[in-house]
Structure formats: structure tokens, C-alpha cells
Amino acid sequence: MLSNPYKHKVLNFSGGVGGSKLALGLSKVLSPSQLSVVVNTADDFEHFGLHISPDLDTLMYTLGELNNKELGWGLNCETWNMLDSLGQLGGETWFQLGDRDMATHLLRTQYLREGLMLSEATTRLCKSLGITHEILPMTDYRVRTKVQTKTGILDFQEYFVRHKCKPEITGIHLDGIEHAVPQEHFAKRLMDPDLSALIIAPSNPFVSVDPIIKMPGIRSLMMDSNAPVIAVSPIIGEDAIKGPAAKMMRELNIAVSCGAVAHYYGELLDGFVIDEQDAQSAKQLQNSGLKVLVVPTLMHTIDDRIRLAEEILNFSLTMK
Ligand code: FO1
């Protein structure tokens with residue numbers, strides 16, 4: 001961690017690959033007592049009897065600096081012997097489980113079978129990986145994203161990995177969301193009067209951020225918080241930084257633009273961070289009452305991640 005001038009206490013809402021880059025930047029600027037990352041768990045699924053939490057994995061591996069930089073998900077120095085053998089035996093290999101990564105899924109599943117909650121299992125795994133910043137699953141309850149397509153309903157990983165996001169979507173359903181209770185520490189951090197910023201990562205609004213903010217009670221706690229709510233646009237120009245967000249917007253008849261993302265989050269936002277390529281949209285967004293930060297938002301290097309984190313933290317100091 002860099003020596004830091006910030007008095008911030010920050011809550012960061014994150015999906016997987018895109019969100020983890022900003023979370024890493026924030027973790028380099030803020031101490032473990034200043035930053036908690038709340039992670040989407042609606043992508044979770046059971047595969048070969050194992051509980052897989054893809055976004056939690058990505059956050060743990062990224063903050064543990066063990067992530068596979070080529071793939072964007074999974075562990076570095078990975079080998080695939082188990083998957084090869086699985087294929088030889090005629091097992092399904094569309095979801096690639098690496099040899100090293102398997103240890104996480106095995107242990108998490110064992111912890112859950114022993115009666116631990118997902119958050120407790122995550123704390124144990126983080127501790128073993130030497131991660132000092134808090135990574136919180138959004139809930140210990142079961143919420144699952146179902147993608148409605150023209151040809152039927154798909155579980156999220158089936159849609160995302162098996163079908164490579166190709167089916168045209170007609171809607172997204174968050175199964176179980178109405179009964180989900182936000183993870184205890186998440187709710188506590190959100191209600192903390194000393195919270196100084198709530199930062200929504202440049203993650204997919206529909207399948208990564210919605211599961212967090214659509215849990216009962218979260219929206220009103222966000223609105224009541226003293227902390228400014230700042231989102232980073234996952235859309236630059238007419239495309240998504242990563243993943244299917246732009247394709248989903250087109251199929252859901254939402255214009256693909258950073259402005260449409262701000263509109264989607266609506267009154268939740270106090271501030272919005274857009275890429276310099278979208279500078280021309282700033283005026284209109286400001287006219288709608290938002291504070292707008294225009295900066296480079298692509299995070300190729302660790303320096304990009306730290307710089308964006310610092311810019312957002314400085315921006316948050318200008319609000320509320
Ligand atoms: N993403 C893929 O595109 N293909 C995979 O085979 C794959 C395997 C995988 C295994 C463990 C894990 O934690 C994540 C994995 N992911 C894979 C990433 C993940 O499914 C997606 O990036 C997220 O669900 C979207 O946020």
C-alpha cells in the first residue's frame with residue numbers, strides 16, 4: 001500500500017474482471033481498515049457438486065496478486081491436467097477448472113458443507129491467500145442470475161461461458177433476490193456514518209451491480225447514506241470496456257452510451273465517472289444534476305488502476 005493522505009472509508013461494489021482492477025487500485029491507496037469490497041454472488045453456480053463463486057474468486061486472486069492476467073479470471077501459473085482427464089473421460093469441459101483453481105472450489109465447498117456461511121468461507125480463503133482488505137459476498141443467501149433468451153432461460157454461466165453470450169436476451173431475472181439479506185458486515189459498512197464514498201465499479205449494471213443494489217433495503221440505505229455514491233461507466237463510446245454489457249443494452253432496447261448507464265442508475269448516483277473519449281457527454285450529465293469526472297478509465301497497467309482510484313477518491317472529496 002502507498003502512504004495515503006485519505007481519511008476515507010470506502011465501500012466498493014464489484015463484479016468480476018473489470019471491477020477487480022479498480023478494487024486492486026483502491027487497495028493500493030487505502031488501508032484494510034478503509035476499504036471493503038462487496039462482490040456479486042449471483043453468478044455463483046454448482047458444477048460437479050462444487051460451489052463456484054466466479055466473482056469472489058476473481059477478487060481474491062486479484063487482491064492476492066495471483067490472478068491469471070491472460071485469461072482475466074482464474075489463477076496464474078495454472079495447469080489443466082484435471083480438465084484434460086475430465087475430457088478424456090467424456091466429462092463436460094465447457095467451464096474450465098484449472099488444477100490450482102480447483103483447490104479453492106474444493107475447500108469452499110467443504111467449508112459450506114461443514115455449515116460455514118459463504119462469507120465465513122471467503123474470510124478463511126482470503127486469510128490463507130494473505131489478503132488483508134475485506135472481501136464480502138453481497139449476501140450469504142442464494143441469488144442466481146437467470147438470463148431470458150429468445151430460446152429459453154439460461155443459468156448465467158451457461159449463457160456467459162457455454163454459449164459465449166451469443167443468445168439474444170429478452171430479460172434478466174435475479175432468482176431469490178426478494179428473500180436475500182445483505183451480508184451483515186456489508187449492511188454495517190453501508191450504515192456507517194463515517195463512510196466517505198460508495199464506489200460502483202465499471203462492472204455490468206444488469207448482471208454484476210443489480211444483484212447487489214436490488215437486494216431488499218440496499219437502495220434506500222444507499223440513498224440515506226452520508227457518503228456520495230459514485231459509479232464508473234462500464235461503457236466507453238458505444239462499447240463496453242469488457243464483456244456483454246453493450247450487447248445486452250442493445251438487446252434490451254437501451255441506448256449504448258455512458259449517459260444511458262447514468263440514467264439506469266438514476267437517482268442513486270451523486271457522481272459519475274466517464275472516460276475522456278466521452279467528454280462531450282459531460283455537460284448533459286451535469287445538467288441532469290450529476291457531478292461528473294472525465295478521466296481515462298481504461299486500466300491496462302497497475303499504474304492506471306492506482307491513478308483511477310486516486311482520481312475517484314479526490315473526486316469524492318468534492319461531494320456531499
Ligand atoms: N470464464 C470463461 O469465460 N470461461 C471459463 O471457462 C471460466 C472458468 C472459470 C472458472 C473459475 C472461475 O472463478 C471463473 C471462471 N470464469 C470463466 C470466469 C467467470 O465465469 C466470468 O468471468 C464471470 O462469471 C463474469 O463475471
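Start at 1 and go down the list; that is how both ligands and their atoms are numbered.
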Starting from [atom], what is the nearest protein heavy atom, named by residue and atom, and what distance separates them?
atom                    : result
atom 13 (O) of ligand 1 : D57 OD2, 2.7 Å
atom 25 (C) of ligand 1 : D43 OD2, 3.4 Å
atom 6 (O) of ligand 1  : Q96 N, 2.8 Å
atom 11 (C) of ligand 1 : D101 OD2, 3.4 Å
atom 26 (O) of ligand 1 : D55 OD1, 2.9 Å
atom 9 (C) of ligand 1  : F95 CZ, 3.2 Å
atom 1 (N) of ligand 1  : W73 NE1, 3.2 Å
atom 19 (C) of ligand 1 : P54 CB, 3.7 Å

remark   = Heavy atoms of A260 and I254 approach each other most closely as CB-CG2, 4.0 Å
inquiry  = Restricting to non-hydrogen atoms, name the atom on E92 and the atom on R162 that form the minimum distance, rounded to 0.1 Å.
reply    = OE2-NH2, 3.3 Å
inquiry  = Once you restrict to heavy atoms under 4.0 Å, what part of F160 touches ligand 1? Side chain, backbone, both or neither.
reply    = side chain
request  = For ligand 1, note which part of N40 has a heavy atom under 4.0 Å away: side chain, backbone, both or neither.
outcome  = neither
ask   = Do E78 side-chain atoms and D101 backbone N/O form a donor-acceptor pair below 3.5 Å?
value = yes
request  = Please indicate whether H263 has more than 12 foreign heavy atoms, meaning atoms of other residues, nucleotides or ligands, lying under 6.0 Å from its NE2.
outcome  = no
query = How about E46: does its CD atom have over 12 heavy atoms from other parts shown lying under 6.0 Å from it?
reply = yes
query = Are Y159 and T145 close enough that a side-chain donor and a side-chain acceptor fall under 3.5 Å?
reply = no
ask   = What about Y265 and F272, are their ring centers closer than 6.0 Å?
value = no
ask   = Does F160 have its ring centroid less than 6.0 Å away from the ring centroid of F95?
value = no
key: Selected option - heavy-atom contact closest to atom 24 (O) of ligand 1, from Q157, K242, K164   = Q157
query = Which atoms from ligand 1 have a heavy atom of W94 less than 4.0 Å away?
reply = 6 (O)
